[in-house]
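Only one structure is covered here, and it is reproduced in the block below.
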Amino acid sequence: MRRTMLLVAALLMGSTPLVLASEHGQSGHHGHARGEMAESRHAVRGIYLGYDAETHRISVAHEEIPGVMRAMRMNLRLAEGDSAPALAEGERIRFTMTGRVEEGMSWYADSIEGLPADTELELPERLREMIGH
């Protein structure tokens, strides 16, 4: 009952529940849902770090998503049927990152496209050092 009331209050106020990022910023860490949310979509820029065919995921280091999560390295799922992006490791990209409540929060990447090589990204120095770019 309380959860329903919070959801109704959030909808009436026009707010979107936040998704908080892991404090560790290590590969494979994902945001965790706070409140109930069916889907959360965000336009994101970052650096492509590779594709894992076994898990059908890409690895990226992305800029901060204001009000959602800090800049970090993440492994993002690709939707079933999406092919691996034809990108080189270290390439600057933009994409849509979608959070879906499944068994916990799952993060997906789609509409992935390369950016010009001279695109300036706002990534913390600590993250740049961690990923080597």
Using side-chain contact (heavy atoms from CB on, under 4.5 Å) as the criterion, point out the one residue from Arg57, Met97, Arg77 that pairs with Trp107.
Met97
Trace of the side chain to side chain contact (heavy atoms under 4.5 Å, CB included) decision for Val60 with Ile47:
CA-CA 6 Å; Val60 300; Ile47 297 175; over 6 Å; no
Rounded to the nearest 0.5 Å, what separates atom [atom1] in [X] from atom [atom2] in [Y]?
X: Tyr51; Y: Leu78; atom1: OH; atom2: CG; result: 6.0 Å
X: Met130; Y: Leu123; atom1: CE; atom2: CG; result: 10.0 Å
X: Arg45; Y: Leu115; atom1: CZ; atom2: CG; result: 6.5 Å
X: Phe95; Y: Glu113; atom1: CZ; atom2: CD; result: 11.5 Å
X: His62; Y: Arg70; atom1: NE2; atom2: CZ; result: 9.0 Å
X: Ser111; Y: Ile93; atom1: OG; atom2: CD1; result: 11.5 Å

Taking atom CD of Glu102 as the centre, report whether more than 12 heavy atoms of other residues, nucleotides or ligands fall under 6.0 Å from it.
yes
Would you say CD of Glu120 has more than 12 non-hydrogen atoms from neighbouring residues, nucleotides or ligands within 6.0 angstrom?
no
Has [X] got a side-chain atom pairing as donor or acceptor with [Y]'s backbone, closer than 3.5 angstrom?
X: His56; Y: Ser83; answer: no
X: Glu63; Y: Glu122; answer: yes
X: Glu91; Y: Ala88; answer: yes

Using the rule that two of Ile, Leu, Val, Met, Phe, Trp, Tyr join whenever any of their side-chain heavy atoms come within less than 4.5 Å, decide whether [X] and [Y] are in one cluster.
X: Met105; Y: Met74; result: yes
X: Leu121; Y: Leu127; result: yes
X: Leu76; Y: Tyr108; result: no

Checking Arg73 against Ser59: is there a side-chain donor and acceptor pair closer than 3.5 Å?
yes
For a quick check under 3.5 Å, do Arg41 and Thr98 share a side-chain donor-acceptor pair by atom type?
yes
Got Val44 and Thr96 here, is their nearest side-chain heavy-atom distance under 4.5 Å?
no
Min side-chain heavy-atom separation Ile112-Ile58 under 4.5 Å:
yes
Do Ile131 and Leu49 pass the side chain to side chain contact (heavy atoms under 4.5 Å, CB included) test, and can you show the C-alpha distance, the side-chain angles, and the key distance before you say yes or no?
CA-CA 8 Å; Ile131 64 171; Leu49 301 173; 3.8 Å; yes
Applying salt bridge (Lys or Arg N to Asp or Glu O under 4.0 Å) to Arg128 and not counting sequence neighbours gives none
